[in-house]
Protein chains: 4
Amino acid sequence: MTGTRPPGGAPARPGLLAHPTTPRSLRVHDAALRAAAELLAEGGLPATTMDAVVARSGVSKATLYKHWPSRTALAAEAFGLRMADAAAPPDTGSARGDLTEHLRQVSALYAGDHGLVFSQLLAACVIDPGAGSYFREFFLQGRRDAVAELWRRALERGEADPDIDGETAIDLLFGPLVFRLMAGHLPLTRQEADRIAAAALGGLLRRPPPS
Amino acid sequence: MTGTRPPGGAPARPGLLAHPTTPRSLRVHDAALRAAAELLAEGGLPATTMDAVVARSGVSKATLYKHWPSRTALAAEAFGLRMADAAAPPDTGSARGDLTEHLRQVSALYAGDHGLVFSQLLAACVIDPGAGSYFREFFLQGRRDAVAELWRRALERGEADPDIDGETAIDLLFGPLVFRLMAGHLPLTRQEADRIAAAALGGLLRRPPPS
Amino acid sequence: MTGTRPPGGAPARPGLLAHPTTPRSLRVHDAALRAAAELLAEGGLPATTMDAVVARSGVSKATLYKHWPSRTALAAEAFGLRMADAAAPPDTGSARGDLTEHLRQVSALYAGDHGLVFSQLLAACVIDPGAGSYFREFFLQGRRDAVAELWRRALERGEADPDIDGETAIDLLFGPLVFRLMAGHLPLTRQEADRIAAAALGGLLRRPPPS
Amino acid sequence: MTGTRPPGGAPARPGLLAHPTTPRSLRVHDAALRAAAELLAEGGLPATTMDAVVARSGVSKATLYKHWPSRTALAAEAFGLRMADAAAPPDTGSARGDLTEHLRQVSALYAGDHGLVFSQLLAACVIDPGAGSYFREFFLQGRRDAVAELWRRALERGEADPDIDGETAIDLLFGPLVFRLMAGHLPLTRQEADRIAAAALGGLLRRPPPS
DNA sequence: CAGTAACCGAGACGGTACGTCAAGTCTTTCT
DNA sequence: AGAAAGACTTGACGTACCGTCTCGGTTACTG
């Protein structure tokens, strides 16, 4: 109940504690997240040091470490909350259109400043595995849920191959983007996004009747 | 001049310079790589500190920084050389078989100790972009070349869709694995590898004639 | 009101106030002192943190700070109460014997675990002068009173030099022990205690008639 | 040879190392000591934090910790060097005069700012025993040597009681001052110094012939 | 052969941030 | 109204590793 709560269970918003304990102050929590988000936007992960968050948020270091196990976890949560409403999946009328368009959006997002931060964060979570759960809960999950919704629509429309697992489909579409973002071996242009979408969707969607 | 040479041009093996000036360079270079590879194997990237390489190889820090721009670059090269002959692509007789089997191999490799080091290295290269070129030259390139060869065979056999770029195909197959390795949102089991292979190859290979 | 009362006036045992307002105070006060004393015995001053006292006594931090101005003050009082009946001054029949024996006792006490705590406490009172009065009132005073009694007996017996102030005599005898305890430049063995006693008493007691 | 050298052996001024190693830079060592001494003079031990020394000396924290095991050790050495020539023992012509006068000097010194720092330092060395050796080597030893010289002169003059150990004599004279300085139970005035001197010397010096 | 220039081992150093600790203050809730 | 619970600020601590630098010694071409 107290102390760092590695996410995975309920986020457990404080204020609902059974016993007469001061709830883990929302003020502090939010101030830290806001400061971290600003720093991420301004200078990426390298600029988002704990000391900088302390300085900007007015929250003390000791308190930060009571709320998050590491600076990476804090940054991941802050980034996730900020990104929650970026790249909302489109509705073009067809599954192929939706997925292609969304993949373009995400590719463009990855190619920009947010993509840099995303890659730094993902990298940091590899190095500090304790932060991974924050990254997954506060950032990844939302994104995947959105695409899962697209996939569900595609299934309903009968466009998607029902033999293919939704998770697999998501990874097939976005894995290549992440791979390129991290390894930098190929660019993330719109054209490349289209190629990836075309190739992936060839395997994910039902063949059109060979009329 | 064996100075820091961000790869991309000739690998420029030291010792083969115009004037045979630097015979010691070779010894030093190899000793450092060997030490780094050992440390990577023993404790992953975190254990592969420059000080540890210094201690184990007998090569001085200053010298290390004459050969590589950062510890990540050194580690990437060391890892690449060690991994050069891991997971040799198979020859099963069919493109589908080859690619599926290779994807299984790589998935298994990622799921093990080497995968951990790979992910740490990739992460480090995001954080230290100067090392990325080493990672790509000494590790990634070899892997991709091997798969490219598989792809070429598939084209020759008429199994692969000739409209799809080889690079795209590679990323479509392995991007999902890398994504899962880095983000940890889903496991890298054999079953999952098969699912990914099936879905990806559905889009990459030619439809069998609907006889 | 059992608030912070830097001693120097009446010891003001809580619970004896004009209005019997604070019955719980007594329980709290004693519980804290007991916990502090135990912690001192187990791990010395470093182990006697406020948090540890809180945890062991069940008394809250805020309450502790209503009773004592600092953790050092609390520890000093706890130690003083525990030590009240240690090293009772002897009665050997002669002033020389009494004082020599007592000095031996105190030396032995300083050389042991209690001496370590004593030194830590004295040190802490230097760093936190606000606690000094507690140390003097609850620990030092009792000890000095006991020796003063010895000195009075010595005067009555005609053995002590009446020109010498009692306080001076006490410091002359025990100052060397404290000095060694704190600075650690020389040991606190029985032999050393005897040397100090002999030298000090040479100046403090009357010369025996040079018959 | 390298790393923190707890004093006790030779100070081992660097620059004389067998192997071609950069000597532990004197510049750094001196800069740190100078900064620490200044800080001690300005704000006592509490102001002499490692961070402050870092800021003032330009020496990095890591380096400081290679030269000294703790901030207390550094402060002790700095204080000792600064105090080396304070309160030089006098030469009045008689042992009684010398010792009485010196005790007055030291008492006055203890009663002033230097005394405060001295007491803080001694206290800190109790709490951080690893620093004690620095305190003894760089501060205490010099003082005791000076008094030992006085004692030797007193012996030569036939004024001192040859049965009394020099160390015991020193502790008998100065222990009371240290005791009062640390515990604060009695003041350190000139009059008190004279009383202590008189009582102590009564035991230390030979009785004048009872003419 | 002697000279000289680059190379190398050793490791001290500055810098930056980390995560930790305990003291003491403050707020909220219960009894 | 006092007390428990415990969150919070503050300030410093000691550590880790990076990458730079200087020093003295060695090696191996050059004249």
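The figures that follow rest on heavy atoms only: side chains count, while hydrogens, waters and symmetry mates do not. Quick note on labels: first sequence line is chain A, next is B, and so on, each numbered from 1.
What separates NZ of A/Lys61 from C1' of F/dC13 is a distance of 10 Å, to the nearest Å.
Across F/dG6, F/dT9, E/dG24, the shortest atom-to-atom separation from the side chain of C/Ala62 is found for F/dG6. Which of F/dC8, E/dC13, E/dC18 sits closest to the side chain of D/Lys66 comes down to E/dC13. Considering only the side chain of C/Tyr65, E/dT25 comes nearest among F/dG14, E/dT25, E/dG9. Closest approach to the B/Arg27 side chain among E/dC26, E/dT25, E/dG9 is made by E/dG9 (side chain taken as heavy atoms from C-beta onward).
For B/Phe118 and B/Phe135, the distance between ring centers is under 6.0 angstrom.
Only at 4.0 angstrom or more do the heavy atoms of residues 116-129 of chain B sit from any atom of DNA chain E, so none qualifies. For the segment residues 42-54 of chain C, the set of residues with a heavy atom within less than 4.0 Å of an atom of DNA chain F is empty.
Proximity of A/His67 to the phosphate of F/dA7: no side-chain N or O atom is located under 4.0 Å from OP1 or OP2. For A/Arg71, a side-chain nitrogen or oxygen approaches OP1 or OP2 of E/dC18 to under 4.0 Å.
Side-chain contact between C/Leu64 and C/Val53: present, with at least one pair of heavy atoms (C-beta onward) separated by less than 4.5 Å.
Here D/Asp51 pairs with D/Lys61 under the salt bridge (charged side-chain N to carboxylate O under 4.0 Å, His left out) rule; sequence neighbours left out.
When the nearest nucleotides of DNA chain F are assigned to B/Thr72 and A/Gly58 by heavy-atom distance, the more 5′-ward of the two goes with A/Gly58.
C/Arg34 places no side-chain N or O within donor-acceptor distance of the main-chain N or O of C/Ser57, the cut-off being under 3.5 Å.
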